[in-house]
Amino acid sequence: MALTPAGFAHVRLPGADGVHLSAAVGGSGSPVILLHGFPQTHLMWRHVAERLAEDHTVICPDLRGYGASDKPAADAPDVYAKRTMAADIVHAAAALGHERFALVGHDRGALVAFRAGLDHPETVTHLGILDIVPTLDMWQVLSGVSAAVGYHLFLMAQPPGLPETLIEGSADAFFGSFLDAWAADPAALPEPVRAEYLRASAAAVPSIVADFRASAGIDITHDQADLAAGSQLAMPVTVVQQDWGAQLDYDAAGVWRAWAPDLDHRLTGSGHFMAEESPDEITEAIRDLLAR
């Protein structure tokens with residue numbers, strides 16, 4: 001099994017602050033950037049990327065701190081802020097000659113995409129979001145026993161030291177538990193792919209934890225500032241997610257509509273890893289977004 005989209009080449013691209021990203025690039029046409037989630041790499045986009053590359057230039061980077069991209073030490077609060085990670089993507093796209101592009105993110109990558117849409121409205125033409133709510137809203141909807149679904153968010157929000165030690169001591173069990181629990185169709189994550197996700201995640205524990213820790217700190221600060229300023233996403237936005245509103249008792253579409261006036265909100269019967277479990281559905285949603 002090929003562990004990269006067919007016909008794609010791997011490149012190193014400059015991000016922000018001297019960080020370099022590893023990315024798979026293929027196709028031709030207007031650019032679409034696809035950002036992966038947790039605990040994954042750009043590999044999660046292999047099916048969707050090949051379909052979109054029929055008429056688009058498709059760029060699938062590993063986020064800073066993940067996969068083959070640089071993993072700088074989190075020696076300041078903003079190193080893994082979504083604002084910084086979004087700047088990585090803008091810099092990397094510019095290095096390929098793309099000053100404007102469509103952006104789609106899943107899970108952690110969707111948080112980066114959300115921040116890019118707010119910070120760079122002149123650059124992000126269309127925004128696709130898979131299976132999240134914004135950071136500020138995420139913490140508000142996790143309450144009571146139902147919050148157990150996001151226990152890892154609370155674990156990795158703790159000060160440096162303990163989370164890293166606990167996870168490094170049982171990395172395969174920890175990361176594998178999410179691959180098992182969140183996939184409605186385990187066959188969508190065949191063994192070579194699963195093994196690569198586990199290998200890459202085990203090699204990146206400190207930076208992965210730092211990414212999550214930022215979402216319990218500086219990312220909230222940035223979201224609160226935008227909320228207070230009345231900032232909204234200026235571009236067409238498509239959100240595809242599981243029915244978390246029913247599971248956690250909140251109005252998911254309403255949460256997103258407050259941030260995205262031009263919103264197409266869709267529920268899916270797929271599991272969390274929807275780009276791998278239902279690639280035709282996700283490709284169609286992205287094509288519909290790009291046509292708006």
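These values consider heavy atoms only, across backbone and side chains, with no hydrogens, waters or symmetry-generated copies. Start at 1 with the first residue, then count along the sequence.
- Ion pairing between a basic and an acidic side chain is recognised when a charged N comes within 4.0 Å of a carboxylate O; Arg108 and Asp211 show such pairing.
- The residues Arg287 and Asp55 are annotated as salt-bridged, a charged nitrogen and a carboxylate oxygen being separated by less than 4.0 angstrom.
- From Phe212, atom CZ reaches atom OG1 of Thr135 across 10.5 Å, with rounding to the nearest 0.5 Å.
- Following chains of ILVMFWY side-chain contacts shorter than 4.5 Å, one cannot reach Val19 starting from Ile218, and the two form parts of different hydrophobic clusters.
- In this structure, Trp259 has its ring center under 6.0 Å from that of Phe114.
- Look at Glu196 and Arg199 and you find a salt bridge, because one of the NZ, NE, NH1 or NH2 atoms lies within 4.0 Å of a carboxylate O, short of that distance.
- The nearest pair of heavy atoms linking Ala6 to Glu50 is N-OE2, 2.8 Å.
- When atom types are taken as modelled, the side chain of His126 and the backbone of Arg292 share a donor-acceptor pair closer than 3.5 angstrom.
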I'd like to know whether Asp288 forms a salt bridge (charged side-chain N to carboxylate O under 4.0 Å, His left out) with Arg266, so could you lay out the CA-CA distance, the side-chain angles of the two residues, the decisive distance to 0.1 Å, and finally the verdict. CA-CA 12 Å; Asp288 288 348; Arg266 304 183 181 195; 2.9 Å; yes

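- Using a 4.0 Å cut-off between charged nitrogen and carboxylate oxygen, Asp226 and Arg115 count as a salt-bridge pair.
- Panel note: side chain Gln224, backbone Leu136; no donor-acceptor pair is recorded below 3.5 Å.
- Leu21 and Arg64 get closest at one heavy-atom pair: CD2-N, 3.7 Å.
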Would Glu281 and Thr268 satisfy side-chain hydrogen bond (donor to acceptor under 3.5 Å, both in side chains), going step by step from the backbone distance to the final call? CA-CA 9 Å; Glu281 176 186 0; Thr268 179; 3.0 Å; yes

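- Looking only at side-chain heavy atoms (C-beta outward), Ser215 and Lys82 come within less than 4.5 Å of each other.
- If you check the side chains of His20 and Ser69, you find no donor sitting under 3.5 Å from an acceptor.
- Between Arg51 and Asp280 there is a salt bridge, since at least one side-chain N of the basic residue sits less than 4.0 Å from a carboxylate O of the acidic one.
- Transitive grouping of hydrophobic side chains (ILVMFWY, heavy atoms separated by less than 4.5 Å) brings Val133 and Val239 into a common cluster.
- Panel note: side chain Ser177, backbone Phe174; a donor-acceptor pair is recorded below 3.5 Å.
- Centroid-to-centroid, the aromatic rings of Phe38 and Tyr66 stay 6.0 Å apart or farther.
- In this structure the side chain of His91 never reaches within 4.5 angstrom of the side chain of Pro14, judged on heavy atoms.
- Looking at His272 and Asp107, their side chains do bring a donor and an acceptor atom within 3.5 Å of each other.
- With values rounded to the nearest 0.5 angstrom, Thr84 atom OG1 is found 11.5 Å from Ile89 atom CD1.
- Checked by atom type and distance alone, the side chain of Glu276 never pairs as donor or acceptor with a backbone atom of Trp45 at under 3.5 Å.
- Between Glu164 and Arg213, at least one side-chain N (NZ, or NE/NH1/NH2) sits under 4.0 Å from a carboxylate O, which counts as a salt bridge.
- Leu267 and Trp244 are assigned to two separate hydrophobic clusters, defined by single-linkage of ILVMFWY side chains at heavy-atom distances under 4.5 Å.
- Of all the heavy atoms in Pro5 and His42, the pair that sits closest is CD-CD2, 4.4 Å.
- Across all their heavy atoms, Ala94 and Glu99 have their closest contact at CB-OE2, 4.0 Å.
- For the pair Ser170 (side chain) and Leu166 (backbone), a donor-acceptor distance under 3.5 Å is present.
- The aromatic rings of Phe178 and Trp182 lie tilted to each other, with the angle between the two planes from 30° to 60°.
- Using modelled atom types and a 3.5 Å distance limit, the side chains of His56 and Ser30 yield a donor-acceptor pair.
- Put simply, Leu289 and Met274 are part of two different groups of oily side chains (I, L, V, M, F, W, Y) that touch within less than 4.5 Å, one to the next.
- Tyr80 places no side-chain N or O within 3.5 Å of a backbone atom of Ala73 that could act as its donor or acceptor partner.
- Using a 4.0 Å cut-off between charged side-chain N and carboxylate O, Arg100 and Glu122 make no salt bridge.
- His36 contributes a side-chain N or O that, together with a main-chain N or O of Gln40, makes up a donor-acceptor pair within less than 3.5 Å.
- Ion pair Asp180/Arg194 flagged as a salt bridge, since at least one NZ, NE, NH1 or NH2 atom sits closer than 4.0 Å to an Asp/Glu carboxylate oxygen.
- Although no hydrogens or angles enter the test, the distance criterion places no donor-acceptor pair under 3.5 Å between the side chain of Asp131 and the main chain of Gln241.
- The two residues Ala113 and Ile129 have their closest heavy-atom pair at CB-CD1, 4.3 Å.
- Both Leu111 and Leu118 are members of a single hydrophobic cluster when ILVMFWY side chains are connected at heavy-atom separations under 4.5 Å.
- Between Asp262 and Arg257 there is no salt bridge, since none of the side-chain N atoms of the basic residue sits less than 4.0 Å from a carboxylate O of the acidic one.
- A pairwise comparison of heavy atoms in Ile33 and Ala93 identifies CD1-CB, 3.8 Å as the closest pair.
- The 12-atom threshold is exceeded at CG of Asp185, counting heavy atoms of other residues, nucleotides or ligands nearer than 6.0 Å.
- Between Trp139 and Phe154, a ring centre-to-centre spacing shorter than 6.0 Å is recorded.
- Between Asp219 and Arg83 there is no salt bridge, since no side-chain N of the basic residue sits under 4.0 Å from a carboxylate O of the acidic one.
- Using a 4.5 Å heavy-atom threshold, the side chains of Phe101 and Thr125 count as separate.
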